[in-house]
Amino acid sequence: MAGRSVTVLNVAEKPSVAKAVAQILSRNPGIRGRDGRSRYNKIFEFDYTIRDQPCKMLFTSVIGHLMELEFDARYRKWHSCDPADLFQAPVHKSVPEDKKDIKRTLEEEARRCQWLVLWLDCDREGENIAFEVVDVCTAVNPHLTIKRARFSALIASEIYQSVQNLVEPNKWFADAVDARQEIDLRIGASFTRFQTMLMKDAFNIDTVTDGRNTVLSYGPCQFPTLGFVVERYWEIQAHEPEEFWSINCSHRSDEGTANFSWGRGHLFDYTCAVIIYEMCIEEPTATVTNVRQQEKLKYPPHPLSTIELEKRASRYFRMSSEHTMKVAEELYQGGFISYPRTETDNFSSRTDLHAIVQEQQAHPEWGIYAQRLLNPETGLWRNPRGGGHDDKAHPPIHPTKFSAGESGWSQNHRNIYELVVRHYLACVSKPAVGAETTVEIDIAGELFSACGRVILEKNYLDVYRFESWGGSVIPTYTIDQQFIPTTLTLDPGVTRPPPLLSEADLLSCMDKEGIGTDATMHDHIKKLLERFYATKDASMRFTPTNLGEALVMGYDDMGYKLWKPYLRAVMERDMKLVGEGNKSKGEVLDTSLQQMKACFLDARLNKVKLLEAMAIFFERSNRVGSEHQNTTEEVVRRCGLCQESDMVLKKNRDGKFMVGCLGYPQCRNVVWLPGSISEAVVTTNTCNNCTPGPVFLIQFKFRQLEIPPSYNVNHLGCIGGCDEILIQLTEICGTGPRMPARARGPTPATSNAHPTPATNNANHTNPRQSACLHCQETGHSSNDCPSQTRRSRNAQHPETNQQSGESSVSCSSCGAPGVLRTANTANNRGRKFYTCQSQECTFFVWEDSINNGTGGRGSARSNNVPTSTRGRNGGRGPRGRGRSGSNSSSGTFVTATGDPISGRRCFTCGDPSHFANVCPNRGV
DNA sequence: GCAAGGTC
């Protein structure tokens, strides 16, 4: 029933959506908006009818999130509190200064409206922004009727449908985002303050950070991103090139040349390869055993999503993801391309795909192709294949306006526009068609194959100049045909480490592990560079800096996976549960913050690991208070004297422990502790007697010889005044150390000497139980891995596994203990040798060669030992080098079972002193 | 001085 007109405030997530929806609903493409308080957010007005209700529509927007989460003022200064407090410090949402004008517009318009319709993007963040808008509007007009419009694309039919079927906003979705925001803030701020304050005083790191104000930030997205870079770097460092051998065959005829590759790929065992090669050389006639002809298709890419745009721009134009997004944003603002932040790689069936192509027909470079595409006779058109991703908010990136290049465009603008257009044209084109021929031949029982390809139809490749489809023509062969190869060679090769991560690789890793969103991934990458955690070289590949590597190493040495993507994955799972209503926001916050706080406290107890890792790369600073014992101060209680600051546990340079007020020198409240204390750590336990609480108990360790025998060296004590034992020991021992700190023995063991925190820590894995990152062995952590002694980072470390007096032999490949065994082969029966304890490693050395210095890695083959170990680990294997000189000259070989092979000689010249592969007349 | 998420 038509009634009196109501005034409806409609709010979209961004100005462009407000305008687009207003244009559609008002059926006025030229609709003009009036200005509000914010220069970007216009207000469009028109009349509309929603389910028979006449409406005066006011359509405006926000610019993403309207509010930010922050700590209450008292906790905002870095030294205002213990970073551990940030896990429970009060937080609140507020509108930041630069969004105040948008808030004012909403307030002014909301006052005169009866309805509020939320047109935010239909994802979790959009839902959360919707509730921010609701908060602002209902604060000034509590009687508003609140409705949510759900739409998946800015297409007229979709919008009409949506406005007639308004729903309720989804609080669960918004709650999920609230939880994420709070967890990110608390973890980020606490760890950032902790590690920054710890390292800045202890080391001279300003040298690597350009003297800028150094912040060693930690974030649940930036750190895993750094983790990917460091992990790859470590993989490269750990790589040892390994020689392998392959047999290659070519055949030239009038029709061309075919290059046949060996069915076995390559062999790491030189002897084996030579034996097979000899067999081939002795009977080199090739017989064609199979000829297969197949039609092959090469498909065009899926419609363009943000990540693909970034990856391809990086590959094709060497543009950084950050710059790509900046350029894409400008093209979007200019109306040339669609919204560039989208996960969607699927066009809605309602999109007019042909109209987009029609616009491009006049282009001097790809216009002809667009015309061909639209001509049904060419048969070039094909509806695009989707990649299965849909963010339900935006279509794939596609051109929205024709341009043959604008005068203000940089080369990058031209490149990105061209990529978007060509990519779109490719998507709606038929795949390329090729004819592939595979020929298999047999030489002396060995299989070889060659493949030739002819492109029959280029189709999309005609327009998508960024891709190619290599192919070569090979001669025609028939089954049972025989020929003598033109060349038949035994060629050496060497395994190579993987390359450093490229920007495209990094984006793929992040995408796969769910780190960041399409709109923020480039920010996290940029942050690594800004924080001096990584550098990017000319070929767009990332190397960790010393700082980045040290931080990851420090946490890794603690056994923490804080630099791995798992934490984010858990958070993503929790957010999903909250969004589905299967877990409450409070529940997720409670458990994950409790776990993260325990992890934080534990990390702080183990901070020596971080300091040790940093010490590998950086000089210790001479600043006062820089000794690592007192670089972070653990809060014991609130100061009862000034009642403003916290009392923290400190250790002076001379080794004295005390609990002092952070308000020093304004507040001089201090509790001196007995001089006989060797270690003191604040625990999470609190005193039940002392007030005002909480007063955290301290785990003390006293030096045995400095306290009366009736006292225990370990004592969990309180400094609040209730602890008789502590008072007595202070009286007995005084408050100064007996010996100067420097005269004491080695620093006691670090983390193991500390009590474990009372709370459980789900993220902590014991490095003694987990496999070493480098050699995959258990029994040591990655930082103790003997295989890493070659790494540059250990150059400053003593060789701990080579200490004199040790009688055992350790594996030079993985560092595990050697096992003494007795040979049982014909030539060496009874002779002793060592192999590696690990079944996966083929280290070998004769015992009698150790003292005369002839043994070691690679000696396996020159000493005729069984080579079967190679087979046991599937071709990957010993880090030992390939062949020794004696193999190629003596002519004595063993089979896999250790039996000698005699009577072999060079096939080419008949000389028994060498084999054909090293013959001066090499080749056939 | 700290996070990550929106978007101009």
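So you know, we letter chains A, B, ... as the sequences are listed, proteins then strands, and number each from 1. Here the structure is a predicted model, which is why all the values come from computation and not from measurement.
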Identify whether any heavy atom of A:Ser38 sits under 4.0 Å from a base atom; if not, whether one sits that close to sugar-phosphate; answer base, sugar-phosphate or nothing. nothing

Are any of A:Thr520's side-chain N or O atoms less than 4.0 Å away from OP1 or OP2 of B:dA4? no

For B:dG1, does either OP1 or OP2 sit under 4.0 Å from a side-chain N or O belonging to A:Ser217? no

Can you check whether A:Leu166 reaches A:Arg148 side chain to side chain, under 4.5 Å on heavy atoms? no

Sorted by number, the residues of residues 121-139 of chain A with heavy-atom contact under 4.0 Å to DNA chain B: A:Asp121, A:Glu125

Within the structure shown, what part of the strands sits under 4.0 Å from A:Lys527 by heavy-atom distance: base, sugar-phosphate, or nothing? sugar-phosphate

SB check A:Glu182 A:Arg186 (cutoff 4.0 Å): yes

Give the ring-plane orientation class for A:Trp119 versus A:Phe151, where under 30° counts as parallel, over 60° as perpendicular and anything between as tilted. tilted

N or O in side chain of A:His524 less than 4.0 angstrom from B:dG5 OP1/OP2: yes

Using a 4.0 Å heavy-atom cut-off, does A:Ile183 contact any base of the nucleic acid, only the sugar-phosphate backbone, or nothing at all? nothing

Is it true that A:Glu68 and A:Lys99 make a salt bridge, defined as a side-chain N closer than 4.0 Å to a carboxylate O? no

Does A:Arg180 make a side-chain N or O approach to OP1 or OP2 of B:dA3 shorter than 4.0 Å? no

Can a side chain N or O of A:Gln181 be found less than 4.0 Å away from OP1 or OP2 on B:dA3? no

Nearest whole angstrom, please: distance from the C1' of B:dT7 to the CD of A:Glu330. 14 Å

Please check: side-chain N/O of A:Gln195 versus main-chain N/O of A:Ser217, any donor-acceptor pairing under 3.5 Å? yes

So what does A:Phe191 touch, heavy atoms closer than 4.0 Å: a base, only the sugar-phosphate, or nothing? nothing

With heavy atoms under 4.0 Å as the rule, sort A:Arg39 into base, sugar-phosphate or nothing. nothing

Can you tell me if the side-chain N/O atoms of A:Tyr339 get under 4.0 Å from OP1 or OP2 in B:dT7? yes

So what does A:Glu68 touch, heavy atoms closer than 4.0 Å: a base, only the sugar-phosphate, or nothing? nothing

Taking only side-chain nitrogens and oxygens of A:Arg568, does any of them come within less than 4.0 Å of OP1 or OP2 of B:dG5? yes

